[in-house]
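Whatever order the structure lists them in is the order used to number ligands and atoms, beginning at 1. Values in this document were obtained by computation on a predicted structure and should not be read as measured data.
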Amino acid sequence: MTATTHHRICPLCEACCGLEIKTQDDKVISIRGHEADVLSKGYICPKAIALKDLHEDPDRLRTPLIKRNGVHVAATWEEAFAEIEARLPAVIAQGGRNATGIAVGNPSAHKIGLLTYFGKLARALGTKNVFSASTLDQMPKQLASGLMFGHWLSIGLPDISRTDHLLVIGANPLASNGSMWTVPDFKGKAKALQARGGKLVVIDPRRTETAAVADAHHFIRPGSDVFLLAAMVHTLFAENLVRLGAVADWVQGLDEVRQAVATFTPEAVAVRCGMDVLTIKTLARDLATAERAAVYARIGTCTQTYGSLASWLVDVLNTLTGHLDQVGGVLFAKPAAFASNTAGKSGTGKGVSTGRHHARVSGAPEVYGELPITCMAEEIETPGEGQIRALITVATNPVLSSPDGPRLAAALDTLDFMLSFDIYLNETTRHADVILPGLSPLEDMHYDVAFPQLSWRNHARYSPPVFAPAAGQPQEWQSLLKVAAIVQGKGANEDADLLDDAQFAQDAERLFGAHASAVVAATQGLRGPERGLEVALRTGPYGDGFGTKPSGLTLAQVKAANPEGGIDLGELQPRMPEMLRTPSGKIELAPPLFINDLPRAALDLARPTPDLVIIGRRDVRTNNSWMHNLPVLAKGPFRCTALVHPTDAARLGLQDGGQARLRNGTRQVQAQVHISAEMMPGVVSLPHGWGHDLPGAQLGVAALRPGTNLNALLDDQLRDPLSGNAVLSGVAIEMEAVT
Ligand SMILES: Nc1nc2c(c(=O)[nH]1)N[C@H]1C(S)=C(S)[C@@H](COP(=O)(O)OP(=O)(O)OC[C@H]3O[C@@H](n4cnc5c(=O)[nH]c(N)nc54)[C@H](O)[C@@H]3O)O[C@H]1N2
Ligand SMILES: Nc1nc2c(c(=O)[nH]1)N[C@H]1C(S)=C(S)[C@@H](COP(=O)(O)OP(=O)(O)OC[C@H]3O[C@@H](n4cnc5c(=O)[nH]c(N)nc54)[C@H](O)[C@@H]3O)O[C@H]1N2
Ligand code: SF4
Ligand SMILES: [Mo]
């Protein structure tokens with residue numbers, strides 16, 4: 001038998017590398033980087049190889065499970081949908097739509113079926129209790145970008161191949177491979193930057209893998225980025241370094257920003273940041289005087305109580321130094337499909353707002369259609385109208401991923417019904433009454449919906465399935481539609497394809513009016529996400545407009561380009577003011593929500609800082625909570641260690657390799673200590689996504705070295721009040737040796 005070669009985008013992280021996968025019969029025989037891939041040019045990390053383990057993992061679910069007498073048993077698809085029909089509508093009948101909740105997690109961003117069909121189920125439920133991993137992650141960045149530029153996914157991206165100066169704050173792309181920035185082989189691109197005389201500067205409470213290759217690294221006290229950034233902005237004004245450059249005509253709010261940062265002098269913030277005054281000033285001056293420079297900040301700056309302020313100030317800095325929308329500065333992608341900032345009227349739009357409704361218990365405002373995921377436990381626990389009695393989880397494991405996992409786990413057990421779309425019986429899905437498994441990524445076609453909006457280069461890449469799914473196994477979008485139909489009272493026996501056809505006809509009517517029937521006719525033979533993709537590509541900025549621009553893109557062309565690594569649409573280009581979707585048609589430099597929140601931060605400056613705080617950590621061989629069951633990644637040194645600076649270890653009597661108890665109020669966990677001068681003194685680092693020792697899960701490999709659940713230590717009540725994002729970083733803890 002000869003091997004067959006396939007090309008597929010890796011679905012495991014935001015780098016979205018192009019893979020070359022060789023198969024023989026139904027076996028994967030090799031996985032390598034696809035050299036011709038227009039985005040990743042052959043780069044991969046060790047996780048790509050683990051796709052084989054994932055595909056073959058005996059613990060990966062292939063049939064639905066139903067919980068009977070406390071035990072999960074295999075069921076047919078008919079039985080599973082019948083069980084859902086028997087139990088879910090009853091909850092809605094009794095408690096109304098808000099008696100349901102739905103939570104969606106990280107892998108859905110990497111599956112076009114989940115990403116484009118999740119919303120259909122959420123809309124069918126009609127609940128305001130919609131949660132996602134976004135409020136454990138990047139919601140502050142999305143809120144800041146939304147208020148400044150008019151859309152939630154208008155994210156400024158460093159033009160890494162042409163910049164001379166890159167300031168990285170609270171991100172470790174050498175381990176994470178980039179986030180809110182699809183930039184495969186960050187290391188290679190950073191080296192090229194340095195080779196042409198440019199500088200990489202890193203600000204992080206740990207001397208990370210990225211810091212190790214940087215030209216300069218500065219420690220910062222966790223949670224104090226807002227102070228550093230405000231003081232840098234202050235310095236630009238104080239030293240007359242503000243240059244708006246080419247975007248000057250579009251900027252609104254300069255004076256408000258100047259006034260708002262007036263008290264945040266470098267002298268006022270230095271102690272709080274753990275940095276010296278000159279360093280803060282130099283960071284600002286270097287940024288202002290570099291011809292081509294960019295500030296990139298990520299999860300470390302988001303998962304704090306001032307996450308939105310910090311995210312906003314990052315783009316204030318980019319704007320005030322003349323680097324926004326500049327080649328070699330910060331640019332906006334122009335993706336081929338699905339981008340709201342390429343649709344509708346150009347240069348102006350509805351903008352974004354928050355607080356259209358509020359969480360029932362905490363009163364937290366809705367942001368981007370969601371409530372904070374850290375409100376989920378109390379929304380389940382607290383009686384009254386709108387109490388969540390049925391929960392649907394879609395590709396999420398909040399018992400490990402979200403603060404106070406033990407509290408959430410206990411709450412899940414009190415639900416009347418829980419349904420999980422997941423591929424494992426794990427720490428969260430063990431609580432589900434029904435689990436509907438998705439396909440292996442190798443059985444799924446794919447096109448990235450979100451990441452081309454965040455990519456270092458414009459492109460269009462389509463991945464056909466490598467293997468056909470097992471007979472009778474539905475695609476996840478089909479299962480989502482079936483459950484939506486059950487919720488809508490159509491019963492469990494509707495055909496998913498017919499449901500999809502009906503829905504598509506309706507959507508086409510809404511979107512294309514008089515042309516709807518022509519669009520339906522032009523997409524004959526396609527279904528599901530693939531049909532949505534065809535419409536998005538053809539009506540997108542490079543599309544053929546269904547024949548009105550005959551040389552434009554179609555799905556057929558993107559498919560045909562798969563063996564040669566997709567279609568390259570070139571380097572990012574300046575897009576002002578066309579990409580703006582703010583009501584004013586301006587870059588909103590001073591959104592009132594942020595200006596009004598700065599005094600909260602100013603008050604905080606006076607408070608004492610704790611002796612010991614905890615932060616997270618990522619390792620290239622892990623991914624959040626769900627890849628510890630894959631043998632190729634699980635082997636090697638134990639990674640769930642608590643890194644402690646030598647002076648802290650000495651002060652606390654901790655031994656390298658020994659066990660320590662970490663305490664936050666009444667919450668406590670135990671972890672293995674690793675003494676490391678990488679850490680800023682006073683800061684401990686423990687990775688998240690571990691703790692695979694809970695009963696009822698089926699994760700044979702992960703359970704061998706379960707590690708510690710960092711989120712069992714964190715408080716679900718700590719949030720950024722503007723974005724609802726959880727505080728995962730800089731939380732005060734105590735630590736003691738366990739003998
Ligand atoms: N303390 C702390 N906590 C954190 C973070 C941190 O830095 N510190 N990071 C946060 C961040 S950034 C994120 S994004 C969240 C992630 O948190 P989650 O969104 O909960 O994601 P994971 O923990 O990766 O869990 C993914 C789930 O999806 C399932 N899954 C995998 N593939 C598929 C599939 O194809 N279909 C379906 N249906 N299910 C699938 C897995 O089995 C698993 O249950 O964690 C957050 N939690
Ligand atoms: N290998 C691997 N890759 C991943 C993931 C994974 O789990 N493993 N998860 C994926 C996901 S879901 C995401 S969202 C991305 C995240 O991608 P990144 O944002 O690059 O995530 P991290 O590697 O956690 O880097 C965050 C850095 O912030 C630092 N930090 C912590 N607190 C603070 C603070 O208060 N201020 C500052 N300035 N820095 C701080 C930490 O020390 C850490 O080095 O990674 C993705 N890629
Ligand atoms: S960096 Fe690794 S996990 Fe991320 S997309 Fe590339 S190969 Fe996959
Ligand atoms: Mo994330």
Side-chain angles (χ1 to χ4, degrees), residues 8-19 31-33 37 39-40 43-51 54 59-61 103-111 113-114 118 131-138 173 175-180 182-186 298-300 302-303 373 393-403 405 420-429 435-441 443-444 448 451 476 479-480 614-618 620-629 633 686-690 697 699 709-714 725-729 731:
R8 199 208 188 279
I9 300 168
C10 175
L12 299 180
C13 94
E14 296 179 48
C16 303
C17 301
L19 307 179
I31 300 180
R32 310 172 34 210
D37 188 275
L39 193 77
S40 58
Y43 175 81
I44 54 166
C45 85
K47 287 190 292 299
I49 317 295
L51 279 171
L54 176 60
D59 285 337
R60 185 170 62 78
L61 302 180
V104 62
N106 175 279
S108 74
H110 298 272
K111 292 227 156 177
L114 286 178
F118 164 78
F131 310 98
S132 89
S134 293
T135 51
L136 301 169
D137 187 350
Q138 82 291 349
S176 70
N177 279 296
S179 179
M180 299 306 277
T182 290
V183 58
D185 193 18
F186 173 87
R298 241 312 13 237
I299 196 164
C302 285
T303 49
I373 196 165
T393 68
V394 181
T396 187
N397 189 10
V399 168
L400 293 192
S401 297
S402 197
S420 290
F421 289 82
D422 210 287
I423 57 171
Y424 284 109
L425 175 54
N426 66 15
E427 298 77 13
T428 295
T429 62
I435 307 176
L436 300 179
L439 302 175
S440 150
E443 296 166 342
D444 230 354
D448 275 310
F451 300 114
E476 287 199 280
S479 302
L480 288 165
I614 193 156
I615 63 170
R617 183 166 88 245
R618 283 175 164 77
V620 78
R621 301 186 85 90
T622 69
N623 193 47
N624 296 329
S625 74
W626 70 281
M627 286 180 210
H628 301 139
N629 210 53
L633 298 180
L686 185 68
H688 74 283
W690 295 83
L699 297 163
N709 180 8
L710 166 61
N711 282 317
L713 195 63
L714 302 184
N725 212 81
V727 174
L728 306 173
S729 198
V731 174

Participant: What protein heavy atom sits nearest atom 32 (N) of ligand 1, and how far away is it?
Facilitator: I423 CD1, 3.3 Å
Participant: Between G438 and ligand 1, does any nitrogen or oxygen pair lie at a separation below 3.5 Å?
Facilitator: no
Participant: For atom 4 (C) of ligand 1, grab the closest protein heavy atom and report residue, atom and distance to one decimal in Å.
Facilitator: H688 CD2, 3.3 Å
Participant: Could you identify the single nearest non-hydrogen protein atom to atom 24 (O) of ligand 1 and state the distance to 0.1 Å?
Facilitator: W626 CD1, 2.9 Å
Participant: Would you compute the distance between atom CD1 of I44 and atom CD1 of I31 and round it to the nearest 0.5 angstrom?
Facilitator: 8.0 Å
Participant: What protein heavy atom lies closest to atom 2 (Fe) of ligand 3? Include the residue and the distance to one decimal.
Facilitator: C45 SG, 2.3 Å
Participant: Of all the atoms in ligand 3, which lie at a distance below 4.0 Å from a heavy atom belonging to N177?
Facilitator: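 That gives atoms 1 (S) of ligand 3.
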Participant: Of the backbone atoms (N, CA, C, O) and the side-chain heavy atoms from C-beta on, which set of L710 has a member under 4.0 Å from an atom of ligand 1: side chain, backbone, both, or neither?
Facilitator: side chain
Participant: With heavy atoms of E476 as the reference, note each atom of ligand 1 found under 4.0 Å away.
Facilitator: 34 (C), 35 (O), 36 (N), 37 (C), 38 (N)
Participant: I'd like to check which ligand 1 atoms, numbered from 1 as shown, lie under 4.0 Å from a non-hydrogen atom of D137.
Facilitator: 12 (S), 14 (S)
Participant: Answer with yes or no whether S625 contacts ligand 1, where contact means a heavy atom under 4.0 Å from a ligand atom.
Facilitator: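 Yes, that is the case, since the closest heavy atom of the residue is under 4.0 Å from the ligand.
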Participant: Report, in ascending order of atom number, the atoms of ligand 1 lying under 4.0 Å from any heavy atom of G105.
Facilitator: 19 (O)
Participant: Do L436 and S420 have side chains that approach each other closer than 4.5 Å (heavy atoms only, starting at C-beta)?
Facilitator: no
Participant: Quick one: nearest non-hydrogen protein atom to atom 19 (O) of ligand 1, plus distance?
Facilitator: N106 N, 2.7 Å
Participant: Give me the nearest non-hydrogen protein atom to atom 13 (C) of ligand 1 as residue plus atom name, then the distance to 0.1 Å.
Facilitator: N624 ND2, 4.1 Å
Participant: So is there a nitrogen or oxygen of D422 less than 3.5 Å from a nitrogen or oxygen in ligand 1?
Facilitator: yes
Participant: Assess C17: does it contribute an N, O or S atom lying under 2.8 Å from atom 6 (Fe) of ligand 3?
Facilitator: yes
Participant: S179 and E14: side-chain donor and acceptor closer than 3.5 Å?
Facilitator: yes
Participant: Within the structure, is a non-hydrogen atom of C16 found at a distance of less than 4.0 Å from ligand 3?
Facilitator: yes
Participant: Side chains of M627 and T622, heavy atoms from C-beta outward: is any pair under 4.5 Å?
Facilitator: no
Participant: With atoms numbered from 1 as shown, which atoms in ligand 1 lie under 4.0 angstrom from a non-hydrogen atom of L714?
Facilitator: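 Checking each atom against L714, I get 1 (N).
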Participant: Would F421 and T396 count as a side-chain contact (heavy atoms from CB on, under 4.5 Å) here? Give the steps.
Facilitator: CA-CA 9 Å; F421 289 82; T396 187; over 6 Å; no
Participant: Can you tell if the side chain of F131 reaches within under 4.5 Å of the side chain of P398, non-hydrogen atoms only?
Facilitator: no
Participant: In terms of atom number and element, which parts of ligand 3 are under 4.0 angstrom from non-hydrogen atoms of A48?
Facilitator: 7 (S)
Participant: How many angstroms lie between CG in L633 and NE2 in H628, if you round to the nearest 0.5 Å?
Facilitator: 8.5 Å
Participant: Regarding N711 and H688, do their side chains bring together a donor and an acceptor under 3.5 Å, going by distance alone?
Facilitator: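 Not at all, the side chains of N711 and H688 share no donor-acceptor pair under 3.5 Å.
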Participant: Looking at atom 47 (N) of ligand 1, what's its closest protein heavy atom, distance included?
Facilitator: S401 O, 2.6 Å
Participant: If you define the side chain from C-beta out and look only at heavy atoms, does anything of I435 sit under 4.5 Å from I423?
Facilitator: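 They are not in contact (no side-chain heavy atoms under 4.5 Å apart), so the answer is no.
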Participant: Within the 4.0 Å heavy-atom shell around L12, which atoms of ligand 3 are there?
Facilitator: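 Taking each heavy atom of L12 in turn, ligand 3 has 3 (S) under 4.0 Å.
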Participant: Checking E427 against N397: is there a side-chain donor and acceptor pair closer than 3.5 Å?
Facilitator: yes
Participant: What do you reckon, does N623 have a nitrogen or oxygen under 3.5 Å from a nitrogen or oxygen of ligand 1?
Facilitator: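 So ligand 1 has no N or O lying under 3.5 Å from an N or O of N623.
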Participant: Could you grab the distance from atom CG of L54 to atom OH of Y424, nearest 0.5 Å is fine?
Facilitator: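 It comes to 5.0 Å.
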Participant: Does either side chain, that of R618 or that of S176, offer a donor lying less than 3.5 Å from an acceptor on the other one?
Facilitator: no
Participant: Looking only at heavy atoms, is any part of L136 under 4.0 Å from ligand 1, and if so is it the side chain, the backbone, or both, or is it neither?
Facilitator: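 Within the 4.0 Å criterion, L136 contacts ligand 1 through backbone and side-chain atoms alike.
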Participant: Of all the atoms in ligand 3, which lie at a distance below 4.0 Å from a heavy atom belonging to K47?
Facilitator: 3 (S)
Participant: Can you tell me the protein heavy atom closest to atom 4 (Fe) of ligand 3 and the distance?
Facilitator: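 I find the closest protein heavy atom is C13 SG, 2.3 Å.
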Participant: Can you list the atoms of ligand 3 that are under 4.0 Å from a heavy atom of C10?
Facilitator: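 Under 4.0 Å from C10, ligand 3 has these atoms: 3 (S), 5 (S), 7 (S), 8 (Fe).
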Participant: Does ligand 1 have any atom sitting under 4.0 Å from a heavy atom of N711?
Facilitator: yes
Participant: Nearest protein heavy atom to atom 7 (O) of ligand 1, by residue and atom, and its distance?
Facilitator: R618 NH1, 3.2 Å
Participant: Are N106 and L136 side-chain neighbours, meaning at least one heavy-atom pair lies under 4.5 Å?
Facilitator: no
Participant: I need the contact type for I299 against ligand 1. Using non-hydrogen atoms and a strict under-4.0 Å cut-off, is it side chain, backbone, both or neither?
Facilitator: side chain
Participant: Measure the spacing between CG of L480 and CZ of F118 and express it to the nearest 0.5 Å.
Facilitator: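 So the gap between those two atoms works out to 8.5 Å.
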Participant: Would you check if there is a donor-acceptor pair between the side chains of D137 and S134 at a distance under 3.5 Å?
Facilitator: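 Short answer, no.
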Participant: Quick check: do W690 and L400 have side-chain heavy atoms less than 4.5 Å from each other?
Facilitator: no
Participant: Do S729 and T303 have a side chain donor and acceptor closer than 3.5 Å?
Facilitator: no
Participant: Decide whether the shortest distance between a heavy atom of Q138 and an atom of ligand 1 is less than 4.0 Å.
Facilitator: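 The answer is no, since Q138 has no heavy atom less than 4.0 Å from ligand 1.
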Participant: Give the contacting part of A395 toward ligand 1: side chain, backbone, both or neither, where contact means a heavy-atom distance below 4.0 Å.
Facilitator: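 It is both parts that get close, each with some atom under 4.0 Å.
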Participant: Counting only nitrogen or oxygen atoms and a 3.5 angstrom limit, does N426 reach ligand 1?
Facilitator: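 Yes.
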Participant: Establish, from distance only, whether the side-chain atoms of N725 and T135 form a donor-acceptor pair under 3.5 Å.
Facilitator: no
